[in-house]
Amino acid sequence: CVACHQLNGQGGEVGPALDLIGELRDINYLKEWLRNPMSIKPDSKMPKLPLSEEEITELAAYLSTLKKEKVK
């Protein structure tokens with residue numbers, strides 16, 4: 001992901017930063033996006049990646065945790 005996206009200020013600049021993606025998109029959206037980005041956004045620069053369903057599930061679960069930390 002970091003070849004194109006930034007996370008914690010590190011990585012590429014082709015795609016958007018992923019730091020808060022879990023606040024913007026739910027896990028089902030993330031799974032669908034990872035399966036085929038162009039089915040959601042036909043002009044997407046993100047290619048369809050050769051990910052297995054297990055990889056999609058695990059990656060979407062991780063991405064859904066990327067949220068603003070709450071101050072206690």
Query - Verdict with reasoning, D26 to S64, per side-chain contact (heavy atoms from CB on, under 4.5 Å) - result: CA-CA 6 Å; D26 69 25; S64 70; over 6 Å; no

Kindly work out whether a path of hydrophobic side-chain contacts (I/L/V/M/F/W/Y, heavy atoms less than 4.5 Å apart) joins [X] to [Y].
{"X": "W33", "Y": "L20", "value": "no"}
{"X": "V14", "Y": "L51", "value": "no"}
{"X": "L49", "Y": "Y29", "value": "yes"}

Got a second to check how far [X]'s [atom1] is from [Y]'s [atom2], nearest 0.5 Å?
{"X": "I27", "Y": "L59", "atom1": "CD1", "atom2": "CG", "answer": "10.0 Å"}
{"X": "C4", "Y": "K45", "atom1": "SG", "atom2": "NZ", "answer": "10.0 Å"}
{"X": "L7", "Y": "I21", "atom1": "CG", "atom2": "CD1", "answer": "11.0 Å"}
{"X": "L30", "Y": "L66", "atom1": "CG", "atom2": "CG", "answer": "9.0 Å"}
{"X": "K68", "Y": "E23", "atom1": "NZ", "atom2": "CD", "answer": "7.0 Å"}
{"X": "K31", "Y": "L63", "atom1": "NZ", "atom2": "CG", "answer": "12.0 Å"}

Query raised in the report: Is a donor on one side and an acceptor on the other found under 3.5 Å between the side chain of H5 and the backbone of P16?
Result: yes

Query raised in the report: Can you check salt bridge (Lys or Arg N to Asp or Glu O under 4.0 Å) on E53 and R35, steps first, answer last?
Result: CA-CA 8 Å; E53 269 309 302; R35 280 188 195 103; 2.9 Å; yes

Smallest separation among heavy atoms of [X] and [Y], with atom names:
{"X": "V2", "Y": "Q10", "answer": "CG1-O, 4.3 Å"}
{"X": "P47", "Y": "P37", "answer": "O-CG, 3.7 Å"}
{"X": "E32", "Y": "S39", "answer": "OE2-OG, 4.4 Å"}

Report task. Given side-chain contact (heavy atoms from CB on, under 4.5 Å), test M46 with L34 step by step and report yes or no. Result -> CA-CA 9 Å; M46 183 167 165; L34 292 168; 4.1 Å; yes

